[in-house]
Amino acid sequence: MIKMTEYAKRRSQLMQKIGPTGIVILPSSPIAQRNGDYDYPYRQQSDLYYLTGFNEAESVAVFAPKRAEGEFVLFNRPKDREREIWDGIRAGQAGACETYGADQAFPISDLANKLPELLEGRTEIHYALGLDKAFDKALMSALNKLRGKIRNGQQTPLCFKDITDTIHEMRLIKSIGEIELMRQAAQISAQAHVRAMQHCKPGVNEYQLEAEIMYEFNRHGARFPAYTSIVGGGANSCILHYINNDQPIVAGDLVLIDAGAEFHNYAADITRTFPANGIFSAEQRAIYELVLEAQLAGIKAAHTGAEWPAMQDAIVKVITQGLIDLGILKGNLNDLIETQAYFPFYMHKSGHWLGLDVHDVGRYKINGKWRTLQPGMVLTVEPGIYISADTPNVDKRWHNIGIRIEDDILITTEGHEVLSHHVPKSIEDIENLMAKS
Ligand code: GLY
Ligand code: MN
Ligand code: MN
């Protein structure tokens, strides 16, 4: 768990960055109705969560540096016995102050009245315009209420700044508390992958393996996946974001599972590929070894001081050489890399930042230059080779082999730590695990 003092420290760092006359306004994610009286499970907006730890819907966090009545103002749902009987306990305004450290808290219904007063005397509104139309409108009407004061000189004209980049750069470097949660998310996800391998046999359905994954997530307190699990057998292993997960697993096919738990709002993102009947065929083995070699090369390239493309460069080199060695590509290594001849087989990037969001925030380039890795960043390394049956000019013995191997990597001062190391990934370890099941 992250301590409330850590959230307070983040808010104070953010307020330092925006200066004494700025104001930050962060609305919560809107509630998404599923149908009738039911909503989708609520997921807090990650920036708001990062700065408050507050997980309730219908809230707005305001940070107003040097404000006499307090810098952290939270608008949230009031206590309401009837609603709490139906939907669950709310923090209310007292809880907002006592538990979450707000200096002042008001019912969310007071927002329209209070906003103009909060904006008064400020010169810059740090707010992400355009993300939430309903809130944009509320903010515009608050601004209109201030116009009279601008005209008679009591208020400086306000300008908007998008706060997201500033918060996202803070989110990119994970604290010790965040790393601990991510380690747990990865550990739970690793156990889920092991369980799916143990329960796989020809004839089970993809959704049954998804169920084993969800069982393991849920029983460790990770109620939701960080993204919809991908469980694809055979031809489906070649569909990058396959989520139908409704086909029977066939003997002789591969199974690709890309699944990660969300634990205390932090994501894991792990992929493993294994044979349905527990033993790789010669062709599957050849491609698997190649993807694994590429992944290990990508992970090796992920260390403090490395530039972001270092992982992709290492992966592309191994994959291209391997495809030449297998006779799938023909030509000179450098020429084939130059012309991206690997692209029909490996059509995505080496990975992405990982954190509160599975494709986490933070820039990849700064002033047009690739960023270098630093301790505290967490990223995925996830090469793959996908040979669908309609890939041109490939012998059919390679068809329907889709293999991705993905791990979660913490950059450290010494190099890196593989947070998701608990799932087997060598051929030998996978076959041994499946033989014992
Ligand atoms: N699970 C989505 C991805 O690997 O990026
Ligand atoms: Mn993934
Ligand atoms: Mn990923």
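Quick note: numbers below take in every heavy atom, side chains included, and nothing from hydrogens, waters or symmetry partners. Just follow the structure's listing: the first ligand is 1, and inside any ligand the first atom is 1. Index from 1, following the sequence.
Asp269 has its closest N, O or S atom to the Mn ion (ligand 3) at the position named OD2.
Ligand 1 lies nowhere less than 4.0 angstrom from a heavy atom belonging to Val358. For the ligand labelled ligand 1, residue His359 lies inside the 4.0 Å heavy-atom shell.
There is no side-chain donor-acceptor pair under 3.5 Å between Asn76 and Ser59. Between Asp407 and Ser420, the side chains place a donor N or O and an acceptor N or O closer than 3.5 Å (distance only, hydrogens not considered).
If you check which protein heavy atom lies closest to atom 4 (O) of ligand 1, you get Glu382 OE1, 2.9 Å. Protein heavy atom closest to atom 3 (C) of ligand 1, with residue, atom name and distance, is Asp269 OD2, 3.3 Å.
Between the NE2 atom of His352 and the OE2 atom of Glu406, the angle taken at the Mn ion (ligand 3) works out to 130° after rounding to 10°.
Side-chain contact between Thr380 and Val358 is absent, with no heavy atoms from C-beta onward closer than 4.5 Å.
Between Arg363 and Glu169, at least one side-chain nitrogen of the basic residue sits less than 4.0 Å from a carboxylate oxygen of the acidic one, meeting the salt-bridge criterion. Salt bridge annotation for Glu6-Lys3: absent, with no cationic side-chain nitrogen under 4.0 angstrom from a carboxylate oxygen. We find that Glu431 and Arg285 are joined by a salt bridge, their nearest charged nitrogen and carboxylate oxygen being less than 4.0 Å apart.
Other residues, nucleotides and ligands contribute over 12 non-hydrogen atoms within 6.0 Å of the CD atom of Gln33.
Among the atoms of Glu382, an N, O or S atom falls under 2.8 Å from the Mn ion (ligand 3).
The distance criterion of under 3.5 Å between nitrogen or oxygen atoms is met by Glu406 with respect to ligand 1.
Ligand 1 places these atoms under 4.0 Å from at least one heavy atom of Tyr227: 1 (N).
Compare Leu354, Ile270, Thr271, Asp258 by their heavy atoms: the one nearest to atom 1 (N) of ligand 1 is in Asp258.
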